[in-house]
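Here is the structure we will look at, set down as C-alpha cells.
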Amino acid sequence: MMGITGETVRVRFAPSPTGHLHIGGARTALFNWLFARHSKGVFILRIEDTDRTRSTEEYIDSILEGLGWLKLDWAEGPYRQTDRYDIYRKYADTLLKEGKAYHCYCTPEELEERRREAFSQEKSPKYDGRCRTLKKPPPGRKAAVRFRMPQEGQVCVDDLIKGRTVFDNALLDDLIILRSDGTPTYNFTVVVDDVDMNITHVIRGDDHLNNTPKQIHIYDALGYKIPFFAHLPMILGPDKTRLSKRHGATSVLAYKDMGYLPDALVNYLVRLGWSHGDQEIFSRDELIEYFTLENVGKSSAVFNPEKLLWLNGQYMIKSTAGELAQLVIPFLMREKIISEGDIPDKEWLSRAVATLKERSRTLTELAHLLKYYITDYVEYENKAKEKFLNEKNLENLIESKRLLEGMEAFIAPEIEKVFKSHIEERNIKLGHIAQPLRVALTGRTESPGIFDVIEIIGREKVLKRLDRAIETIRGSAYRSEVQREKE
RNA sequence: GGUCCCAUCGUCUAGUGGCCUAGGACAUGGCCCUCUCAAGGCUAAAACACGGGUUCGAAUCCCGUUGGGACCGCCA
C-alpha cells in the first residue's frame, strides 16, 4: 500500500544511545513499527549518537536487545550518525555558501551567561543574533555554524495527531548546526537524515513539537519537501510528570528481568494513547491490521503498572504450558530453585506450569510457585503451620498418608476418587483433609487443586513430606509436653 | 518569563451534534463458583474541570478561565 502521497511509507525510530531503551522510547518505536507494518512500509533504525560524551556502545547494544526482545524488527539500519559526518558537513557547507547559515564566534560560556541573564530577567533566552552580520571573524576564536532563521512570517505544522499549529518565525532561534569542533547537532542531523533516508512520516514524542518549525525551515533551506509529522503524547509517571527513572523501572529490559512477556508489554504500551473501541487484548496481527494514526489520542497518559501486571497475567494464561515452561527456566535458575546441571524434565515441568499459569502474573511469580513442586525441603509458612500442622490434624494427616500409600496409580483422577469416597464415608468436608495436606506438601495454604499437587510432586516426595509433617507435629507436641512439665 | 500542547471515573480509554440515564478495562467492595488460592461469572461505587456562547439539541463546535505538561543547550 502507498502513503497519502503515493510513495512507499518510510518511518524511523531514532534513539540516542545515552541510556537503555525506556518505556517511552519503546512506545515510539512500536507506533512507528506498527504504522510501517500497517501501511506495508519500511521501518528504519537510526542511532543518533552525535553526543559523543554521553553515547556508549553498551547502550546501543542494550537498545538493540530491547527492540529485539519486543520483536520490533527493522528493515534498514541501524544507521549511525557518527558514520555520516561527511554528509552533514556537505549540507552545512551548502547552506553556508548560500548565506543560509553563518559562522558564530560566541563561546559556549558567553552564551550560557547570556541565557542565565535572560532567565533571571524573565525574558526569552533567544540568541541575539550578534554574529549574523559579522564582517570579519574575531581573532583566536573557533566558529560554530548557525542556521539563519527567517525573522518574520509564520510556519504551520500540520500534525497528523495534533492538528495544525502555527508558530511565529520571530520567536525561532538561530540554532547551531555545527559545533565549533565541526560536529553536527541534533536539529540539523535529523533533518538531513530524514531527507537522505526518504522518511515520509516523522512519528516521535510531542516533546519535539517545538523543534518542528525550526526543522521545517531547514527542510526549506535545503530545498526539500517536508514529511508528515505525527507527535505522540508523552507517557507520564503517577505524579503526572514525564516518566523517568525516579518513577521506578523504566528500562524495557528491566521488565524482561521482572518476568514480563514482551507481547504483554507491547499490548500495554499500544493502549497508552491508542485504542480500538473497547478491545483490550490484541494479537500482533490485529494490532497491525487495526493500527492507524487517526486513533491515536492527543493527551498524555499515566503509566499504570497494575494494569500491565494484569495484562501480563492474561498473556500468561493465553500462553501454552510448554512455552511458559521453557521461558521460566532462566528464572528458576536465577532464583536458585534449580541448577544448570539439573533441569527438570520438560514434560513434567509443563504439567506443573499448567497448574500454575493462571495463578501467576509474571514468570518470576511462576518460578516462585514452582518452587514447592521442585524443592527437596518445603518451608512452612508460619501461620499455615500453626493453623494446620497441629495435634488436631495429626490423625487426619496419618489417614491421608495411609490412603496415599495404598494408591496404585498416582494420578490426579485416581487420587481424587479415593479421597472423595473417603470423605463420603466419614461424612466430612474435603477442605478438612485438603488444607492440612496442602500445608504439609507445599508449606502454604494456597495452591492449585490438591490432587494435581499430589500428582505433580509424585509419590516418593509426597510420602516423605507427609512423614516430615507428621514428625513436626509430634515433635512440637513433645516439646510442649516437656514445657508443661517444667512449669 | 516566552512559545506550544493537553483536559471524560483514582488510572487507561469509548464517544466525531440527538443512539448518553456517558460504555469498556485496571484497581477497589460485594456475591456466585469452590478443597485453598487463582482464573471465571455477576454486581456495586466511581468521570464529561469551570464559565460563557453557537444550536431545537453539546461530553462532542467556538471563546475565555482554571489546571496540568513539554520545550526554550556548541543535549537528543
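What you are looking at is a predicted structure, and each value in this text was computed from that prediction instead of being measured. Proteins come first, then strands; the chains are lettered A, B, ... in the order of their sequence lines, and each starts at number 1.
- Look at rA39(B): it lacks any Watson-Crick or wobble partner with both distances under 3.5 angstrom.
- Across all strands shown, rU28(B) pairs with rA44(B); the Watson-Crick or G-U wobble distances both stay below 3.5 Å.
- Residue Ser299(A) is in sugar-phosphate contact alone, with no base atom involved, counting any heavy-atom pair closer than 4.0 Å across all strands shown.
- Figure legend. rC50(B) is base-paired to rG64(B); pairs are counted as Watson-Crick or G-U wobble with both atom distances under 3.5 Å.
- Electrostatic pairing of Arg80(A) and Asp49(A) counts as a salt bridge here, judged by a charged N lying under 4.0 Å from a carboxylate O.
- Atom C1' of rC71(B) sits at a distance of 27 Å from the matching atom of rU13(B), rounded to the whole Å.
- Looking only at atom types and distance, the side chain of His201(A) has no donor-acceptor partner in the side chain of Asn32(A) under 3.5 Å away.
- Looking at Glu109(A) and Arg141(A), no side-chain N of the basic residue comes within less than 4.0 Å of a carboxylate O on the acidic one, giving no salt bridge.
- Residue contacts for Tyr268(A): at a heavy-atom cut-off of 4.0 Å it reaches no nucleic acid atom on any strand shown.
- Scored by the side-chain hydrogen bond (donor to acceptor under 3.5 Å, both in side chains) test, Tyr260(A) finds no partners at all (sequence neighbours excluded).
- Closest to the side chain of Val302(A), from the set rU11(B), rC4(B), rG40(B), is rU11(B).
- Look at rU3(B): its Watson-Crick or wobble partner, with both distances under 3.5 angstrom, is rA70(B).
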Self-check item: Under 4.0 Å protein heavy-atom contacts per nucleotide of nucleotides 17-32 of chain B, with B for base, S for backbone only and - for none
Solution: ------BBBSS-----

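- Rounded to an integer number of Å, the gap from CD of Gln81(A) to P of rA76(B) is 8 Å.
- Scanning atom types as modelled, no donor and acceptor separated by under 3.5 angstrom connect the side chain of Arg115(A) and the base of rC72(B).
- Between Asp173(A) and Lys126(A), none of the side-chain N atoms (NZ, or NE/NH1/NH2) sits under 4.0 Å from a carboxylate O, so this pair counts as no salt bridge.
- Residue contacts for His208(A): at a heavy-atom cut-off of 4.0 Å it reaches a base atom on one of the strands shown.
- Counting atom types as modelled, Ser180(A) pairs a side-chain N or O with a base atom of rC74(B) as donor and acceptor under 3.5 Å.
- Across all strands, Thr445(A) comes closer than 4.0 Å to base atoms (heavy-atom distances).
- Residue-level contact check: Pro233(A) touches neither bases nor backbone, having no heavy atom under 4.0 Å from any strand.
- Whole-Å rounding puts the Ile176(A) CD1 to rC75(B) P distance at 8 Å.
- Straight-line distance from the CG atom of Leu209(A) to the C1' atom of rA70(B): 9 Å, rounded to whole Å.
- Residue-level contact check: Thr189(A) touches neither bases nor backbone, having no heavy atom under 4.0 Å from any strand.
- Across the C1' atoms, rG68(B) and rA49(B) are found 11 Å apart, a figure rounded to whole Å.
- For the pair Glu48(A) and Arg12(A), the salt-bridge criterion is not met [side-chain N within less than 4.0 Å of a carboxylate O].
- At a threshold of 4.0 angstrom between heavy atoms, the contacts of Asp168(A) with the nucleic acid are absent.
- Of the listed nucleotides (rU11(B), rC74(B), rC35(B)), rC74(B) has the atom at the smallest distance from the side chain of Arg146(A).
- Here rG69(B) presents its P atom at 8 Å from CG of Asp239(A), a figure rounded to the nearest Å.
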Going by atom type alone, with no hydrogens or angles, which donor-acceptor pairs under 3.5 Å involve a side-chain atom of residues 428-436 of chain A and a protein atom two or more places apart or on another chain?
residue   : atom : partner   : partner atom : Å
Gln435(A) : OE1  : Arg438(A) : NH1          : 2.5
Gln435(A) : NE2  : Thr445(A) : O            : 3.3

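- One atom, NZ of Lys298(A), and another, C1' of rG69(B), lie 16 Å apart when rounded to the nearest Å.
- If you check every strand for non-hydrogen atoms under 4.0 Å, Thr50(A) touches sugar and phosphate atoms only.
- Heavy atoms only, all atoms of each residue included: Leu95(A) and Leu222(A) are closest at CD2-CD1, 3.5 Å.
- Nearest-nucleotide assignment on RNA chain B puts the 5′-proximal partner with Ile450(A), out of Ile450(A) and Met234(A).
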